Amino acid sequence: STNISGGTITYDSNGVIIQSTGVSGSYADLTLRTTVSTKQNLFPGSPVFSAIVALYEASGNASHNASSFIGLGTPTNAAAGHTYTLIHAGFKILNQSGVTSLYATQANAGVETASSALTTLSTSPSADVLELIFKVNGTSSIDYYWRKNGGSLSAATNLSTNVPSATENTFQFSVSNNSTAGAFAIQMGSMSYER
């Protein structure tokens, strides 16, 4: 399913391009579900999630606060931006005051735990290609890994608080301009989930 306001979602041979626009408060998200009628919880069983995405645009004025989410769960994506306190596990890309950075993020019961910035990312016109991987370690913690532009795989970033445990059956890829005009886009090349 898609949820769009002022943004676009397009499909081509290179993947899915999810893009907000120069309109203040624009957003777009793509969600994939295991089933619509009955939720199948994606967190138990120590699953591994991976995705390859390219950040190919992140621009705006100095106070631009765009955000993106790639992972399991459904942080609300709307004109006010993502709500990262909702149940989820994955990665977020934030563009704050002209600096774009990658973070690991997870939440359960209304509280988010996020890493410090894992790496900074290039902005338009050059694109950074990211391989994003995380493994859920039962109910105890989640290990996050990343690779940028074919470089070495990072060491694990382990987050052990607010590990999601509630039923959730959604994969989400989304972008938002929050409340300041600018442009923000990711290209989703592939996604994998297994346990």
Side-chain angles (χ1 to χ4, degrees), residues 15-16 18 29-32 34 40-56 58 66-75 77 81-96 99-123 126-176 184 186-195:
V16 182
I18 304 166
D29 65 57
L30 172 68
T31 56
L32 311 170
T34 54
Q40 305 295 319
N41 197 347
L42 296 175
F43 295 121
S46 297
V48 176
F49 172 93
S50 63
I52 298 177
V53 301
L55 173 72
Y56 73 93
S67 60
S68 179
F69 174 74
I70 301 111
L72 305 179
T74 52
N77 187 29
H82 289 83
T83 304
Y84 287 113
T85 55
L86 299 179
I87 296 167
H88 73 276
F91 294 87
K92 63 183 178 181
I93 299 172
L94 301 180
N95 179 265
Q96 298 174 305
V99 178
T100 304
S101 302
L102 174 71
Y103 302 81
T105 177
Q106 62 194 44
N108 193 34
V111 181
E112 180 193 19
T113 295
S115 69
S116 57
L118 301 173
T119 186
T120 56
L121 303 170
S122 300
T123 56
S126 62
D128 278 323
V129 176
L130 298 169
E131 295 176 59
L132 306 173
I133 303 164
F134 66 84
K135 180 182 184 299
V136 180
N137 303 313
T139 59
S140 63
S141 66
I142 302 178
D143 289 325
Y144 295 87
Y145 304 86
W146 58 273
R147 184 194 325 261
K148 182 168 71 172
N149 299 328
S152 299
L153 187 67
S154 71
T157 295
N158 180 267
L159 300 181
S160 59
T161 56
N162 301 307
V163 179
S165 60
T167 299
E168 182 55 71
N169 70 331
T170 303
F171 306 91
Q172 181 167 302
F173 301 84
S174 53
V175 296
S176 171
F184 199 71
I186 57 171
Q187 181 172 11
M188 183 182 108
S190 68
M191 184 273 289
S192 173
Y193 167 89
E194 60 181 291
R195 67 180 183 198

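On a predicted model such as this, the values are computed, not experimentally measured, just so you know.
- Counting heavy atoms from C-beta on, the side chains of S68 and I18 never come closer than 4.5 Å.
- A heavy-atom distance below 4.5 Å is not found between the side chains of T161 and V111.
- Residues S115 and L159 share a closest heavy-atom pair of N-CD1, 4.1 Å.
- Across A89 and Y144, no two heavy atoms sit closer than the pair CB-OH, 4.0 Å.
- Using modelled atom types and a 3.5 Å distance limit, the side chains of N162 and N108 yield no donor-acceptor pair.
- The OG1 atom of T85 sits 8.0 Å away from the CD atom of E112 when rounded to the nearest 0.5 Å.
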Checklist entry - Given the rule in the side chain to side chain contact (heavy atoms under 4.5 Å, CB included) test, do V16 and F173 qualify, once you have shown the distances and angles that lead to the verdict? => result CA-CA 10 Å; V16 182; F173 301 84; over 6 Å; no

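- Between the side chains of D29 and S174, no donor N or O sits under 3.5 Å from an acceptor N or O.
- Within the model, atoms CG of L94 and CZ of F69 stand 12.0 Å from one another, a figure rounded to the nearest 0.5 Å.
- In this structure a side-chain-to-backbone donor-acceptor pair under 3.5 Å is missing from S141 to N158.
- Under the 3.5 Å distance criterion, with hydrogens and angles disregarded, no donor-acceptor pair is assigned to the side chains of T31 and T170.
- Ring geometry for F91 versus F134: interplanar angle of 30 to 60°, hence tilted.
- L32 places a side-chain heavy atom less than 4.5 Å from the side chain of M191.
- Annotation: the span from S50 atom OG to K135 atom NZ amounts to 13.5 Å, rounded to 0.5 Å.
- When all heavy atoms of N41 and R195 are compared, the closest pair comes out as O-NH1, 3.0 Å.
- Nearest approach of A51 to I70, heavy atoms of both residues: CB-CG2, 4.0 Å.
- Between V175 and I186, the closest heavy-atom pair is CG1-CG1, 3.9 Å.
- When atom types are taken as modelled, the side chain of Q187 and the backbone of G189 share no donor-acceptor pair closer than 3.5 angstrom.
- Here the straight-line distance linking atom CG of L102 with atom CG of L121 works out to 6.0 Å at 0.5 Å rounding.
- Under a 3.5 Å cut-off, the side chain of Y193 and the backbone N or O of L42 do form a donor-acceptor pair.
- The aromatic rings of F171 and F49 sit parallel, their planes meeting at an angle under 30°, below the 60° perpendicular limit.
- Between the side chain of S46 and the main chain of G138, a donor-acceptor pair closer than 3.5 Å is present.
- The two residues L153 and R147 make their nearest non-hydrogen contact at N-NH1, 3.6 Å.
- Of the listed residues (N149, T100, T120), just one forms a side chain to side chain donor-acceptor pair (under 3.5 Å) with D128, and that residue is N149.
- When the options V163, T139, I87 are evaluated for a side chain to side chain contact (heavy atoms under 4.5 Å, CB included) with F43, the one that passes is I87.
- In this model, no donor atom of one side chain and acceptor atom of the other lie less than 3.5 Å apart for K92 and T105.
- Counting only distance, with no hydrogens or angles, the side chain of Q172 and the backbone of P75 share a donor-acceptor pair below 3.5 Å.
- Using a distance-only test at 3.5 Å, with no hydrogens or angles considered, no donor-acceptor pair links the side chain of S176 to the main chain of H82.
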